[in-house]
Amino acid sequence: MTHLPLRRAAVGLAMGLSLVACNDDRLQNICASHPELCQDLVDDGWCRYERTDVIRARFTLKQEASDRHKFELMSKLEGYLRCIERSTHIEYKYAKERKSDRVEGMLAAGAELERLDGETRQSQDPYLLIWHWTNNTNEQARQQFLAQAGTPALEEPALQLALGGIYAKTDPERAIQVMEHGLSLYREGDEVDSRLLTSLSTLHMGQKHYPDAYLWGKVSAAFLGGSEVSAKRFSLYHSLSKAELASLDAQAAELVQQIKAGAYRP
């Protein structure tokens, strides 16, 4: 008799394979209907997932042109270029004299990214403003992004992370408030960006808020699923009693549950 856990595993595997097949079929349909979205990116087994991401982002932009969809495509092109550079051991900027299908795909992706970068330099989309600040050191984009602080336009965890990162050097207390607000924007089932949590621990450490630094370190460890915050190592900076550690560990466990449930509020 087959044990129930094995049945569940088999069902899960079958569903996973069906999902992969469905995704592959959808990609094939896109490429059959719109070959121009696919043919410049060689399908040689390398960077398969990154290639798929680019094609789907191209298709989405074709279906609905918007600055946000342009940003999504730019991000996928950047990921594809990073992967291709690793697989060819050639940086994009040095690839122009090389000839191979993979390099040709790299050049096509790079040219498309450069075109989109130029097209979006006047955009007020917050994701694109951060893109142009971080990739082009565009100070005007940075100022325009900061001008949107406190408005509905930035009410997303990723944007609060970016905003807190800007404040971190000049106003760390405000950065902490922003990062905590970013956590409050998650809803149950959302994938939490652990950088919000590690940033909070780092910011509190920099402000010598040692118990809070330990607390957020414990919370981040729960989401990272690996490294544990060592009380012994932490004691190099600040000593906490067993009672304090027990209290902070309990608070951390409660915070983890609140964040996962979309119920965290600063």
Side-chain angles (χ1 to χ4, degrees), residues 75 126-139 141-188 190-266:
S75 297
Y127 283 96
L128 284 167
L129 291 173
I130 284 296
W131 169 279
H132 289 297
W133 160 240
T134 56
N135 287 274
N136 301 319
T137 321
N138 186 322
E139 179 60 26
R142 177 179 176 273
Q143 293 300 328
Q144 290 172 334
F145 179 80
L146 286 172
Q148 296 185 25
T151 71
L154 298 195
E155 288 295 284
E156 295 181 31
L159 295 172
Q160 293 296 301
L161 175 63
L163 182 62
I166 293 176
Y167 289 142
K169 289 184 179 179
T170 58
D171 193 347
E173 292 290 353
R174 187 173 185 182
I176 288 170
Q177 294 174 2
V178 167
M179 299 284 188
E180 289 189 348
H181 177 64
L183 287 175
S184 75
L185 299 176
Y186 284 113
R187 297 295 173 256
E188 186 175 5
D190 289 350
E191 183 176 350
V192 176
D193 189 336
S194 61
R195 291 177 298 173
L196 275 167
L197 305 167
T198 55
S199 295
L200 277 168
S201 182
T202 300
L203 285 163
H204 279 297
M205 181 67 79
Q207 294 302 101
K208 299 184 179 180
H209 303 159
Y210 297 117
D212 286 324
Y214 177 85
L215 173 67
W216 287 107
K218 291 288 289 188
V219 175
S220 68
F223 283 92
L224 289 168
S227 58
E228 185 68 21
V229 177
S230 168
K232 184 176 180 180
R233 184 177 177 185
F234 189 84
S235 67
L236 294 173
Y237 303 97
H238 182 74
S239 293
L240 294 167
S241 69
K242 287 185 178 181
E244 287 175 313
L245 288 171
S247 176
L248 289 168
D249 289 347
Q251 290 178 52
E254 185 176 347
L255 284 171
V256 169
Q257 292 306 312
Q258 289 176 359
I259 294 168
K260 287 182 176 180
Y264 171 77
R265 299 295 179 267

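Residues take their numbers from the sequence shown, with the count starting at 1. Side-chain atoms are counted along with the backbone in the values below, which use heavy atoms only and exclude waters and symmetry mates.
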Rounded to the nearest 0.5 Å, what's the gap from [atom1] on [X] to [atom2] on [Y]? Could you check?
| X | Y | atom1 | atom2 | result |
| --- | --- | --- | --- | --- |
| Thr170 | Arg174 | OG1 | CZ | 8.5 Å |
| Leu215 | Asp249 | CG | CG | 9.0 Å |
| Leu196 | Phe223 | CG | CZ | 10.5 Å |
| Gln177 | Leu163 | CD | CG | 11.0 Å |
| His132 | Tyr127 | NE2 | OH | 15.0 Å |
| Thr151 | Leu159 | OG1 | CG | 9.5 Å |

Validate the cation-pi geometry between Lys260 and Tyr186: distance from NZ or CZ to the six-membered ring centre under 6.0 Å, angle to the ring axis within 45°.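 No, cation not above the ring by the 6.0 Å, 45° rule.
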State whether the side chain of [X] and the backbone N or O of [Y] hold a donor-acceptor pair below 3.5 Å, judged by distance alone.
| X | Y | value |
| --- | --- | --- |
| Ser184 | His181 | yes |
| Asp190 | Arg187 | yes |
| Ser194 | Leu224 | no |

Do [X] and [Y] make a side-chain contact, defined as non-hydrogen atoms from C-beta onward lying under 4.5 Å apart?
| X | Y | value |
| --- | --- | --- |
| Pro211 | Leu248 | yes |
| Tyr167 | Leu146 | yes |
| Leu129 | Asn138 | no |
| Met205 | His209 | no |
| Ser199 | Leu161 | yes |
| Leu240 | Tyr210 | no |
| Val219 | Tyr214 | no |
| Asp171 | Glu173 | yes |

Please report the C-alpha distance between Trp216 and Thr198 in whole Å, then the side-chain angles of each, then the deciding distance to 0.1 Å, and finally whether the side-chain contact (heavy atoms from CB on, under 4.5 Å) criterion is met. CA-CA 7 Å; Trp216 287 107; Thr198 55; over 6 Å; no
For residues [X] and [Y], report the shortest heavy-atom separation together with the two atoms involved.
| X | Y | value |
| --- | --- | --- |
| Ile176 | Leu200 | O-CD2, 3.7 Å |
| Gly165 | Met179 | N-CE, 3.8 Å |
| Ala252 | Lys218 | CB-CB, 3.7 Å |
| Tyr264 | Glu180 | CE2-O, 3.4 Å |
| Phe145 | Pro126 | CD1-O, 3.6 Å |
| Leu203 | Ala168 | CD2-CB, 3.9 Å |

Are a donor atom and an acceptor atom from the side chains of Glu156 and Gln160 found within less than 3.5 Å of each other?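 Not at all, the side chains of Glu156 and Gln160 share no donor-acceptor pair under 3.5 Å.
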Can you check side chain to side chain donor-acceptor pair (under 3.5 Å) on Gln143 and Glu139, steps first, answer last? CA-CA 6 Å; Gln143 293 300 328; Glu139 179 60 26; 2.7 Å; yes
Tell me if the CZ atom of Arg195 is crowded by more than 12 foreign heavy atoms within 6.0 Å.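 Open: at most 12 neighbouring heavy atoms sit under 6.0 Å from CZ of Arg195.
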Whether over 12 other heavy atoms sit under 6.0 Å from Glu191 CD: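 Count not over threshold, so no.
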